[in-house]
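The figures here come from the full heavy-atom set of this structure, side chains too, leaving out hydrogens, waters and symmetry mates.
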Amino acid sequence: ETKKIKVTLSEQGNFVSLSVEDKGIGIPEGYQKEIFGKFIRVPQKDIHDVKGYGLGLAQVAEVVKAHGGKISLESQIGQGSVFTIKLPKS
């Protein structure tokens with residue numbers, strides 16, 4: 001099965017915005033506020049084939065914050081997710 005990811009770069013006032021969108025399984029609402037924390041992994045029922053330690057999004061969030069930016073998530077179960085990074089133009 002082919003998976004598609006949409007990447008969008010735009011200017012919004014004094015910010016540059018980078019969005020990454022997928023049409024995947026989505027992230028449950030209960031995990032959306034914690035998803036940028038260290039060691040956070042969203043359970044996938046009884047499937048344990050996802051590798052990693054839950055550090056990737058936490059690292060991205062730290063780098064974005066260090067540059068004066070913000071990262072956000074919009075997600076719906078069965079619809080996919082959109083991660084958006086906004087960085088000042090400086």
Side-chain angles (χ1 to χ4, degrees):
E1 180 180 334
T2 302
K3 301 194 185 224
K4 295 181 181 181
I5 296 175
K6 179 180 178 183
V7 179
T8 306
L9 182 64
S10 62
E11 291 184 56
Q12 297 176 344
N14 292 327
F15 290 87
V16 174
S17 178
L18 171 70
S19 294
V20 179
E21 178 179 356
D22 68 33
K23 297 295 182 191
I25 61 174
I27 298 171
E29 190 173 337
Y31 287 93
Q32 290 182 19
K33 289 185 180 182
E34 347 174 340
I35 198 72
F36 299 108
K38 290 182 181 177
F39 307 111
I40 302 298
R41 294 183 60 191
V42 178
Q44 300 294 317
K45 298 182 185 177
D46 290 332
I47 301 171
H48 301 285
D49 62 349
V50 177
K51 298 192 183 336
Y53 296 100
L55 292 172
L57 289 173
Q59 291 171 334
V60 170
E62 285 296 317
V63 170
V64 169
K65 182 179 175 183
H67 288 279
K70 294 182 180 182
I71 186 168
S72 61
L73 165 67
E74 293 178 35
S75 187
Q76 292 183 359
I77 297 297
Q79 301 290 315
S81 302
V82 180
F83 290 88
T84 301
I85 294 171
K86 290 187 179 181
L87 295 170
K89 287 184 185 179
S90 60

Strictly by salt bridge (Lys or Arg N to Asp or Glu O under 4.0 Å), give each pair with a member in [range] just once, sequence neighbours left out.
range	result
residues 67-82	none
residues 55-67	none
residues 22-40	Glu21-Lys23
residues 80-90	Glu11-Lys89

Could you grab the distance from atom [atom1] of [X] to atom [atom2] of [Y], nearest 0.5 Å is fine?
X	Y	atom1	atom2	answer
Ile85	Ile71	CD1	CD1	4.5 Å
Leu73	Gln32	CG	CD	5.0 Å
Phe39	Leu55	CZ	CG	4.5 Å

- Return the minimal non-hydrogen interatomic distance between Gly26 and Ser81, and the atom names on each side. CA-OG, 3.9 Å
- Message: If you compare all heavy atoms of Gly80 against all heavy atoms of Ser75, which two are closest, and at what distance to 0.1 Å?
- Response: O-OG, 3.2 Å
- Item | Over 12 non-hydrogen atoms of neighbours within 6.0 angstrom of CD1 in Ile5 | no
With side chains defined as the heavy atoms from C-beta onward, is the minimum distance between [X] and [Y] less than 4.5 Å?
X	Y	result
Val16	Leu9	yes
Val60	Phe36	no
Ile25	Ile77	no

- Tell me, please, which residues at least two apart from Thr84 pass side chain to side chain donor-acceptor pair (under 3.5 Å). Ser19
- Message: Restricting to side chain to side chain contact (heavy atoms under 4.5 Å, CB included), what partner residues turn up for Val42, sequence neighbours left out?
- Response: Ile27, Pro28, Tyr31, Ile35, Gln44
- Please assess Val20 against Val82 for the test side-chain contact (heavy atoms from CB on, under 4.5 Å), listing each intermediate value before the final yes or no. CA-CA 6 Å; Val20 179; Val82 180; over 6 Å; no
